[in-house]
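Encoded as structure tokens, the structure appears first; notes follow it.
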Amino acid sequence: MSFYPTDVEARLRDEAAQIIARYPAGHERSALLPMLHLVQSEDGYVSPAGIGLCADVLGLTRAEVSAVATFYTQYKRRPNGEYTVGVCTNAMCAVMGGDTIFETLEHELGIGHEETTPDGKITLEALECNAACDYAPVIMVNWEFFDNQTPASAKQLVDDIRAGRDIHPTRGPQVCPTFKEASHILAGFADVESAHEGVSAGEPTLWGLKVARERGMSAPVCEDAAATNSGEVEKAGTKPVGREGSSAEYSTKEGDK
């Protein structure tokens with residue numbers, strides 16, 4: 001059964017074999033997640049051909065592969081732009097200007113959430129928390145951080161993408177990878193040259209740790225942990241759970257029958 005041109009399929013099957021080799025024998029299907037990134041790095045989305053290849057290599061049905069591919073937002077089921085521009089619109093970023101930035105880009109690009117520009121360059125997304133509240137408002141392009149954004153800087157960012165100019169994340173690699181390149185990295189094939197470029201945790205992220213060290217602060221000892229270490233805590237699973245008459249209690253009683 002052929003899913004791609006012969007040379008492309010041979011390359012993908014070879015890389016899929018490298019992915020599968022990372023897992024213990026008998027657990028090959030655990031390789032599905034990185035394999036979905038692999039086929040996405042080829043097609044720019046999880047295509048029908050990619051679904052078929054994953055199913056064939058792992059001995060799964062297409063339905064099983066599709067069920068996984070539709071569960072996670074990093075897998076796209078229709079052609080994605082060369083760059084995914086995700087604007088965080090969660091609470092912290094929103095109040096710091098994230099909502100305004102997203103509205104600015106909607107107007108500038110003429111597209112909405114999860115839509116792609118006609119030239120295929122940009123897919124716009126309104127994202128939930130990017131775990132970068134200390135740099136709010138944040139934009140992620142192909143999962144690389146662009147911190148402390150403004151409507152003007154966001155507009156310049158998409159202008160640079162549309163003009164074919166390199167864009168430079170605030171942290172991480174010096175040049176932002178394309179969506180396909182990022183997908184190949186997520187499949188487990190690291191870009192060795194850029195793997196150690198830039199900073200991952202900047203000064204705002206580390207400020208709390210710095211203050212704690214200066215003041216000699218440390219985390220309190222957990223009494224439960226101390227009891228566990230002395231053998232005083234019951235073994236996990238032996239203590240009853242659920243209120244009387246609750247579904248948890250009912251399930252426990254049913255299981256005892």
Within one Ile-Leu-Val-Met-Phe-Trp-Tyr cluster: M217 and L209, side-chain cutoff 4.5 Å: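 Unlinked, M217 and L209 end up in two clusters.
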
Flag yes if more than 12 heavy atoms outside [X] fall under 6.0 Å of its [atom1] atom; otherwise flag no.
X    : atom1 : answer
R78  : CZ    : no
R215 : CZ    : no
E214 : CD    : yes
H107 : NE2   : no
R22  : CZ    : yes
Q174 : CD    : no

For [Y], is there any backbone N or O sitting under 3.5 Å from a side-chain donor or acceptor partner on [X]?
X    : Y    : result
E9   : F3   : yes
Q156 : S153 : no
S41  : S183 : no

Intermediate values then yes/no, side-chain contact (heavy atoms from CB on, under 4.5 Å), C54 and L36: CA-CA 7 Å; C54 289; L36 287 170; 4.1 Å; yes

Under the criterion side-chain contact (heavy atoms from CB on, under 4.5 Å), I'd like the reasoning laid out for L38 against L12: C-alpha separation, chi angles, the key distance, then a yes or no. CA-CA 8 Å; L38 175 65; L12 290 175; 4.0 Å; yes

Run the side-chain donor-acceptor check on residues 84-99: report pairs under 3.5 Å with partners two or more places apart or on a different chain.
| unit_1 | atom_1 | unit_2 | atom_2 | d |
| --- | --- | --- | --- | --- |
| T84 | OG1 | N80 | ND2 | 2.7 |
| T89 | OG1 | L127 | O | 3.4 |
| N90 | ND2 | E128 | OE1 | 3.1 |

Going by distance alone, is a donor N or O of one side chain under 3.5 Å from an acceptor N or O of the other, for Y4 and D43?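 Side chains of Y4 and D43: pair found under 3.5 Å.
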
Any side-chain donor paired with an acceptor under 3.5 Å for E15 and H184?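 Yes - a donor-acceptor pair under 3.5 Å links their side chains.
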
Close aromatic pair by centroid cut-off 6.0 Å: H168 and F146: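 Between F146 and H168, which both carry aromatic rings, the centre distance is not below 6.0 Å.
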
Side-chain touch [X]/[Y], heavy atoms, less than 4.5 angstrom:
X    : Y    : value
V158 : E108 : yes
W143 : L186 : yes
V68  : F71  : no
R29  : L60  : yes

Nearest atoms (heavy-atom pairs only) where E42 meets K180: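 So the minimum-distance heavy-atom pair works out to O-NZ, 3.4 Å.
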
How many angstroms lie between CD in E106 and CG in L124, if you round to the nearest 0.5 Å?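 E106 CD to L124 CG: 6.5 Å, rounded to 0.5 Å.
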
